[in-house]
Amino acid sequence: MHGVIFTSFRDYLMASHGNGTAAAVFEAEPEYLLSEAYPDESLLRLVALASARTGLEPDEIVFEFGVFTAEITFARLYPAFFDVSRSTREFLLTVETRIHELVRATIPNAGPPQLEIFPRGEDGVSIIYDSPRRLCVLLRGLTEGAARHYGEHAEMEERTCMLRGDPACTFDVAFSAGSRNA
């Protein structure tokens with residue numbers, strides 16, 4: 001998993017749960033570099049530690065973290081990717097070709113998920129998510145965080161889910177003006 005994910009997770013914990021929680025969760029961790037990839041299990045371990053520390057369910061933490069990562073971290077670190085689009089829909093239609101292909105080419109072993117994103121009506125997209133990580137809840141959070149960046153809200157219907165035994169997760173997403181806290 002890309003080092004930026006670990007850095008953003010620490011930042012999320014500090015912003016949402018305080019410096020003490022972030023320090024306790026990351027106490028025995030190495031310094032995560034943005035230019036490196038790390039084992040997926042490391043993030044899952046950190047989520048479990050954060051869950052135990054905050055009392056929140058792991059999925060709730062992963063969703064909130066996804067929102068924070070898209071809305072704050074990615075928008076701050078990679079503004080050009082967001083600036084070329086006028087809406088969440090327009091942005092998401094470019095994620096695989098503009099962002100994930102670049103990550104695969106520049107960071108060995110980073111392995112972002114495979115996404116297929118198609119236009120759906122005038123205000124939505126359909127997303128097919130395939131990843132051995134099976135972190136569809138993170139995708140939900142990232143989608144909502146991107147929507148908030150554009151002043152929108154993402155309403156997501158999950159039609160299939162790898163966690164229920166399907167080969168991939170599929171979402172129908174509609175965007176509306178104004179953000180709504182999850």
Side-chain angles (χ1 to χ4, degrees), residues 1-13 16-17 25-26 29-30 32 34 36-74 78 88 91-118 120 124-148 153-175 182:
M1 191 166 291
H2 192 298
V4 72
I5 297 298
F6 293 90
T7 302
S8 185
F9 191 65
R10 186 187 62 238
D11 292 349
Y12 153 74
L13 289 175
S16 299
H17 302 286
V25 169
F26 277 84
E29 295 300 307
Y32 290 99
L34 300 181
E36 299 293 328
Y38 300 92
D40 297 348
E41 297 77 27
S42 296
L43 180 64
L44 299 177
R45 184 183 68 255
L46 294 171
V47 168
L49 288 169
S51 175
R53 180 93 178 165
T54 63
L56 297 174
E57 290 297 318
D59 279 356
E60 188 176 355
I61 288 172
V62 171
F63 177 83
E64 288 179 359
F65 161 60
V67 171
F68 178 90
T69 297
E71 184 179 23
I72 307 296
T73 305
F74 288 170
Y78 312 112
T88 315
F91 171 76
L92 289 177
L93 290 169
T94 68
V95 165
E96 188 62 29
T97 56
R98 237 186 233 149
I99 300 171
H100 285 176
E101 285 181 9
L102 178 64
V103 170
R104 286 185 194 98
T106 59
I107 303 191
N109 303 316
Q114 290 289 329
L115 298 177
E116 293 181 57
I117 304 175
F118 307 97
R120 184 172 181 273
V125 296
S126 290
I127 301 173
I128 301 172
Y129 165 87
D130 186 15
S131 172
R133 293 181 186 109
R134 300 172 8 146
L135 286 172
C136 48
V137 70
L138 180 60
L139 175 66
R140 283 180 169 278
L142 290 167
T143 302
E144 177 60 26
R148 290 181 189 182
H153 167 66
E155 191 66 43
M156 300 181 72
E157 177 188 344
E158 189 170 16
R159 293 184 290 119
T160 65
C161 182
M162 293 186 306
L163 298 174
R164 296 188 308 248
D166 294 309
C169 298
T170 55
F171 297 92
D172 289 334
V173 188
F175 302 103

Minimum side-chain heavy-atom gap F26-L13 below 4.5 Å: yes

Spacing of S126 atom OG and L92 atom CG [to the nearest 0.5 Å]: 11.5 Å

Distance-minimising heavy-atom pair for E158 and C169: OE2-SG, 3.7 Å

Under-4.0 Å salt bridge between R140 and E144: no

Heavy-atom pair with the smallest gap, counting every atom of T88 and A146: OG1-O, 3.8 Å

Spatial distance of atom CZ (F6) from atom CG (L34) [nearest 0.5 Å]: 12.0 Å

Rounded distance (nearest 0.5 Å) linking atom SG of C136 with atom CG of L142: 12.0 Å

Note, M1 side chain near L135 side chain (heavy atom, < 4.5 Å): yes

Closest non-hydrogen atom pair, S8 against T73: OG-OG1, 2.7 Å

Student check: side-chain heavy atoms of I5 and Y38 closer than 4.5 Å: no

Exercise: identify the closest heavy-atom pair between S51 and L56: OG-O, 2.6 Å

Verdict with supporting geometry, I61 and F9, side chain to side chain contact (heavy atoms under 4.5 Å, CB included): CA-CA 10 Å; I61 288 172; F9 191 65; 3.8 Å; yes

Donor-acceptor contact below 3.5 Å, side chain T94 vs main chain F91: yes

Euclidean distance, L138 CG relative to L43 CG, rounded to 0.5 Å: 8.0 Å

Smallest separation among heavy atoms of Y129 and L115, with atom names: CD1-CD2, 3.7 Å

Working for side chain to side chain contact (heavy atoms under 4.5 Å, CB included), residues R10 and E29: CA-CA 11 Å; R10 186 187 62 238; E29 295 300 307; over 6 Å; no

Distance, nearest 0.5 Å, that separates OG1 of T69 from CD of E64: 11.5 Å

Between OG1 on residue T160 and CD1 on residue I128, distance to nearest 0.5 Å: 8.0 Å

For F175 against G124, the heavy-atom pair lying closest together: CD1-CA, 4.1 Å

Mutual orientation of the aromatic rings belonging to Y12 and F65 [parallel < 30°, tilted 30-60°, perpendicular > 60°]: tilted

Backbone N/O of A50 and side chain of T54: donor-acceptor pair under 3.5 Å: yes

Salt bridge (charged side-chain N to carboxylate O under 4.0 Å, His left out) against R120, all qualifying residues, sequence neighbours excluded: D172

